[in-house]
Structures are given as structure tokens and as C-alpha cells.
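Single-structure report; data block below.
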Amino acid sequence: MHQQINSRQYFSIELLTWYERSKRDLPWRRSRNPYYIWVSEIMLQQTRVDTVIPYFERFIDRFPTIEALATAPEEDVLKCWEGLGYYSRARNLQTAAQQVVELHGGKVPDDTSAVAALKGVGPYTTGAIMSIAFNRPEPAVDGNVMRVLSRYFLIEEDIVKVGTRKLMEKLVVELIPDGRASDFNQALMELGALVCTPKSPSCLTCPVMAYCAGRIEGMEMQLPIKSKSKPPRPELRYVALVEGTGEHADKVLVRRRPDTGLLAKMWELPHVLTEQKNRNSNQKAAEIKANNKLSENNSSHLMLDALASPLDAELLTAGFPAKLQQHFMNIEHIFSHILWEMHVFKYVEIEQAEQVLVAVAEQQQTYDVNHLGDESLEYRWITQADMESLTFPNVFLKILNQYFNNHKSI
DNA sequence: CAACCGTGGAT
DNA sequence: TATCCAAGGTT
């Protein structure tokens, strides 16, 4: 009669009740097709729901089945992922689809070890697929879950540490009500996304506020404990927007990035990394000011050359001699760990290449060969229409669209 | 472990 | 403007 209310049972029951009432209508929740669940979970890695939705719809439309994805050209898959970021997810997903076709008859296996063995599927995604698609009582601990649990149970472990995630996984397994793994795991994440948010959580509308230890102790704003990450390192890069002439009229020179590393296999504008030691804000401001001034006055070719000459050398070395015309734009792009400060210069292709070949040798002596570009990269002249079949990272899309839509005729 | 791997929204 | 960080995984 006076049996003590179990804080854990209360949590699970109230959370499930709330979820039934409050869950969002999301495209991947309209079925239990394991393939749909899988695709959505890969896309949702480090990516917001609102961003994913249109990509998910397009992707399923374009690759309706695992078989279709497995047999599609890799470029098509990458193109479908254009703008979403973390592009290795797309290539891993297709590789995993091929795994599923070869090893599991084209169906996502209802087997934790087999799912965990798929490319691009880690501990979280394994649990998400097993629980959401197959209702197996596996933990799916992501950032939302760690935030919710760290607050409700007042866990002060650093959520960046792997051990903390494993601790939470054990806890989740104990919390999952019998036969309710799918809804419970989604409810946990849904609460983190809608109520128990990182900043200013909506505790007053939270279904489990009454026994939330973090809230009771007034610690909800301090939790979860998370060590800070390093700021991205700045890199100054000079970018060439080379306008074709003659048979390359109305075209721009692009190249494809190497098969591995940052933005692997994607297309880009030619560019070079420049040395920038001890660049303080004053130097930076002065340089930008100089560039802006030059863009208004094309007669100062000496200074333009001084600024962009490593880029001239890069183009020469690649076999595309071009004449610097004007400063085009500056743009800043932040990756997870790198900050690209890009100075874009417009060039015009020099048709009489023979006349310039002599200069190549001189240029190569002027600049350290090690700093010149990879000569094995594939270069191509493209029109704006060609962009539909090539995949560009967003930073270069912005520059190219600016050029083709606003400045091409200048 | 810690570094690498994109992008954009929110505050 | 600066910082965080979102349904993480791989090396």
C-alpha cells in the first residue's frame, strides 16, 4: 500500500505516455521499413531533423530499395548527399548496402552483431536500428539521451568520454519497458529534442520533472558536463575562378579532390593553401582592405600578382595558364576542425599556352615545389549546367553560384 | 584516446 | 559576433 514510488519506473512510464501524445510526424516514422530507419539514422548523425527531411525524401525517392542503392553509380549517391556534409556517410552507406545484398539477401538483418558490422554503423546507430526497426531492447545512446539521463539522474561524468556513454547504455537497458524498446528509445531522444534542450530546457512542461534529480538540485543548466573542444585552426587559401576562352567560353575550370580525406572525391575550384604565420587582426584587416581597393582598380596588377602568385603557379603547373583579372570575393567557411578563409580571384584562360610554357620552369624555381598542387588531380572545364552532375561542397557552390548567377557577364 | 570529418540553426 | 552543437563513426 505504501510502496515507494520507483523513480526509474516513473521515468519510463511517464516518458512513454508523453511520447504517444507528443511525437512528431516524421517521414521515417510512417513505416517500420528497416531500410528507411537505417537511412534516416545515418543522415541524422550530427545533423538536425529539419535539415534531414528533404534529403531523406529525395534519397528514398531516388534509391527506393537497398538493391537500388547498392547498384547505383557512386557519383549519384554523392550527388544526392550534396550539401548535407560528412560525405563519407554517403559512401559508407552505399558500401553497407552492398554488404547487405551480398551477405543478407538484400534485407537488413534482425541481428545486432550483423548490423553493427555494417560500414558507417557504430554503437548508437546499431541500437537505433535494432530497437526502432525490430523493437529489440538495445540501447541507442546519442547526445539527446546523454543530456536527458545526465539531468534526470544527475550524472556528472563527462559525456565526451566513451566510458560515460557505456554507463548510459547500461542504464537505458534497465529502463526499457518490456516490449517497448522502439517507442522508449525514440521517446528519450524526442524529449531531448523538444523539452530537455541544451539551453533553457522547458522543465515546467517536462513529463518527468517531479523526479528529475538535476532539476531538484538546481543543476539542470550545468548538465550535462562536457569538456570543450578545440577551436578550428585557421587556414588562408587563395582560390582561382578561371574563366575559359575560345573553345572553353562560358566555362569555368574545376578539379576533383583526392579519394580520401576532407571532402573526398568532390569537385572544387582550384586553390592553394598559403603560409600565414603570425597573422594578427591588423595584418588581416590591412590585407582585406588592399584587396577590396584592388578590386575597384584593376590597374594595380603588380600588387595583385604579389597577392595571388602562388595561385598563378598552381594553375601553370596543372597545365592551365591563366591571367589574373581581379579580386572576386572573400568567403569564410568553417568545418568541424578547420576554418577556411578564402580569397577568390577571377582569372581568364590564356589560349596561347605555348608562349607561357617557358615561364613554367621559372615559376617552379620561384616557389617551393612541395607547396604546389597534386598534378594527378583531374581538371575539367564546366558550364553551369554541368554542375547538375558533379558534386560540390557548399563552400564552392556559394562561389560558383555567385559567379554564374550574378557576375558572369562582367 | 584524440584527431578527423560538413553544415547550418539557435542564442 | 562568437559559441555551441545536432538522432556519430572511423582511424
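By convention in this document, chain letters (A, B, ...) are assigned in the order of the sequence lines, proteins followed by strands, and residues within each chain are numbered from 1.
- Closest approach of A/Cys203 to A/Arg215, counting heavy atoms only: CB-NH1, 3.7 Å.
- Contacts between residues 62-99 of chain A and DNA chain B, defined by a heavy-atom separation under 4.0 Å, are made by A/Gly83, A/Leu84, A/Gly85, A/Tyr86, A/Tyr87.
- A salt bridge between A/Lys79 and A/Glu82 is present, with a side-chain N of the basic residue lying under 4.0 Å from a carboxylate O of the acidic one.
- Contact annotation for A/Val162: backbone-only contact, meaning every heavy-atom pair under 4.0 Å involves sugar-phosphate atoms and none involves a base.
- In the region residues 123-144 of chain A, proximity to DNA chain B at under 4.0 angstrom, judged on heavy atoms, holds for none of the residues.
- The side chain of A/His337 contributes no N or O atom lying less than 4.0 Å from OP1 or OP2 of B/dC4.
- Nucleotides C/dC5 and B/dC5 place their C1' atoms 15 Å apart, quoted to the nearest Å.
- Annotation: proximity of residues 36-59 of chain A to DNA chain B (heavy atom, distance under 4.0 Å) is found for A/Gln46, A/Thr47, A/Arg48, numbered in ascending order.
- Between A/Tyr211 and A/Phe11, the ring center distance fails the sub-6.0 Å criterion.
- Position along DNA chain B of the nearest nucleotide to A/Ser200 versus A/Met266 favours A/Met266 as the more 5'-ward residue.
- Across the interface with DNA chain B, nearest-nucleotide mapping of A/Gly163 and A/Leu262 shows A/Gly163 to be the residue nearer the 5′ end.
- Aromatic ring centres of A/Trp267 and A/Phe396: separated by at least 6.0 Å.
- For the pair A/Lys230 and B/dA3, the criterion of a side-chain N or O lying under 4.0 Å from OP1 or OP2 is met.
- Salt-bridge formation is detected for the pair A/Arg165/A/Glu169: a Lys NZ or Arg NE/NH1/NH2 atom is positioned less than 4.0 Å from an Asp or Glu carboxylate oxygen.
- Proximity note for A/Phe335 (side chain, C-beta onward) versus B/dG6, C/dC4, C/dA7: the nearest is B/dG6.
- As judged by a 4.0 angstrom heavy-atom cut-off over every strand, A/Lys228 is placed among residues touching the sugar-phosphate backbone only.
- Residue contacts shown for A/Arg257 are absent, as no nucleic acid heavy atom lies under 4.0 Å away.
- For the pair A/Arg89 and A/Tyr86, the cation-pi criterion (under 6.0 Å, within 45° of the ring axis) is not fulfilled.
- Taking 4.0 angstrom as the limit, A/His333 places none of its side-chain polar atoms (N or O) nearer than this to OP1 or OP2 of B/dG6.
- A ring-centre distance under 6.0 Å is not found for A/Trp340 and A/His333.
- You'll find the ring centres of A/Phe335 and A/His337 outside the 6.0 Å limit.
- Within 4.0 Å of A/Arg165, counting heavy atoms only, lies no atom of the nucleic acid at all.
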